[in-house]
Amino acid sequence: MIHPHNSATPLDIAVFHSVNRPATERRAASLIARRSIKGAYQAAWLLNAIACMDLTTLAGDDTPDRVRRLCAKARRPLADHIVAGLGLADMPRTGAVCVYPTMVATAVAALNGTGIPVASVATGFPAGLMPLDLRLAEIRYAVGQGAQEIDIVITRAHVLGGHWSALYDEIAAMKDACGPAHMKAILATGDLATLSNVYAASRIAMQAGADFIKTSTGKEGVNATLPVGLTMCRAIRDHHAATGHIVGFKPAGGMKTAKDALNWQMLMREELGRDWLRPGLFRLGASSMLADIERQLEHHVTGRYAASHRHALA
Ligand SMILES: O=C[C@H](O)COP(=O)(O)O
């Protein structure tokens, strides 16, 4: 379950500041160079990554069958012998399943009784270049189908042109359309040109009421990177200091390995603290990271690596 809703605060562009890219890249590199997590600690962090994962399928050839298979994996992300070997009392589960709006009803039915929420992308994902009334209608459609979380995309042109009040108004309207559903704002950082723009867009999205800020759609040329993540985490910290409001973070796109899962959690712990390392405030958006996590956990339990094709989908 996501942390309680963020509330909007007035537009305030005086909080913007420029971000030094070389310094940010150095800090991001040092975060993951410092130490490696091994053994039982690594297993615990990988289990937390599963609990925080938005297990995703967002492909043009998605079918109800694929979505049902994904939901089966969300309910049982690890093989029984791994769960037993880890000494877990219960089967873990993912944080959510993330799909396109027309797949929401299928996912909701497949996850019935599990408490696993369905997240839907909306607002003309991934480019967002549709009239605003259609984007808002898409949000309402997905919520009506049973989505409890909505991942919106922002208009990159508003950032690139410095149209901050237009960006604020649009995101605020999207938040309103979400109603009871939580809203994650995808900044599509690979399209935003500078880290200063990433910082500015992060602050505006939070001021407009986003419950989470999310890096990428998975469709940009450059998706989640640690320097971008660091910039967004600092924005979350600054917004919290300025308003008292707590906003979550979702890196997404291009993350495929257990090492990625560890690195992103390290960033969260160092920059925002342990409070953010739970599904209410942290999600990893990924369509193909779970398989490597399962493989590493199997190695932890058995001392051997299985070929990835031996594990079920994702
Ligand atoms: O929101 C999640 C992303 O779209 C997933 O991207 P990915 O397919 O690169 O893991």
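All ligand and atom numbering here is 1-based and tracks the order in the structure. Given the structure is predicted, the values throughout are model-derived calculations rather than measurements. In what follows, residues are counted from 1 in the order of the sequence shown.
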For the side chain of T94 and the backbone of A96, is there at least one donor-acceptor N/O pair under 3.5 Å apart? yes

Flag for S120-Q145: side-chain donor and acceptor within less than 3.5 Å: no

Classify the side-chain pair H239/Q207 by whether it contains a donor and acceptor separated by less than 3.5 Å. no

Using atom types as modelled, flag every donor-acceptor pair under 3.5 Å from a side chain in residues 44-58 to any protein atom, sequence neighbours excluded.
| from | atom 1 | to | atom 2 | distance (Å) |
| --- | --- | --- | --- | --- |
| N48 | ND2 | Q265 | OE1 | 2.9 |
| N48 | ND2 | L277 | O | 3.2 |
| D54 | OD1 | R283 | NH1 | 2.8 |
| D54 | OD2 | K184 | NZ | 3.0 |
| D54 | OD2 | K250 | NZ | 2.8 |
| T56 | OG1 | D54 | O | 2.7 |
| T57 | OG1 | D62 | OD1 | 2.7 |
| T57 | OG1 | D62 | OD2 | 3.4 |

Which N or O atoms of ligand 1 sit under 3.5 Å from a protein N or O, and how far apart is each pair?
| from | atom 1 | to | atom 2 | distance (Å) |
| --- | --- | --- | --- | --- |
| ligand 1 | 1 (O) | K214 | NZ | 2.8 |
| ligand 1 | 4 (O) | T217 | O | 2.6 |
| ligand 1 | 8 (O) | S287 | OG | 2.5 |
| ligand 1 | 9 (O) | G254 | N | 2.7 |
| ligand 1 | 10 (O) | S287 | N | 2.8 |
| ligand 1 | 10 (O) | S287 | OG | 3.2 |

F212 ring center near H182 ring center (under 6.0 Å): no

Measuring from T9:OG1 to M206:CE, what's the distance to the nearest 0.5 Å? 9.0 Å

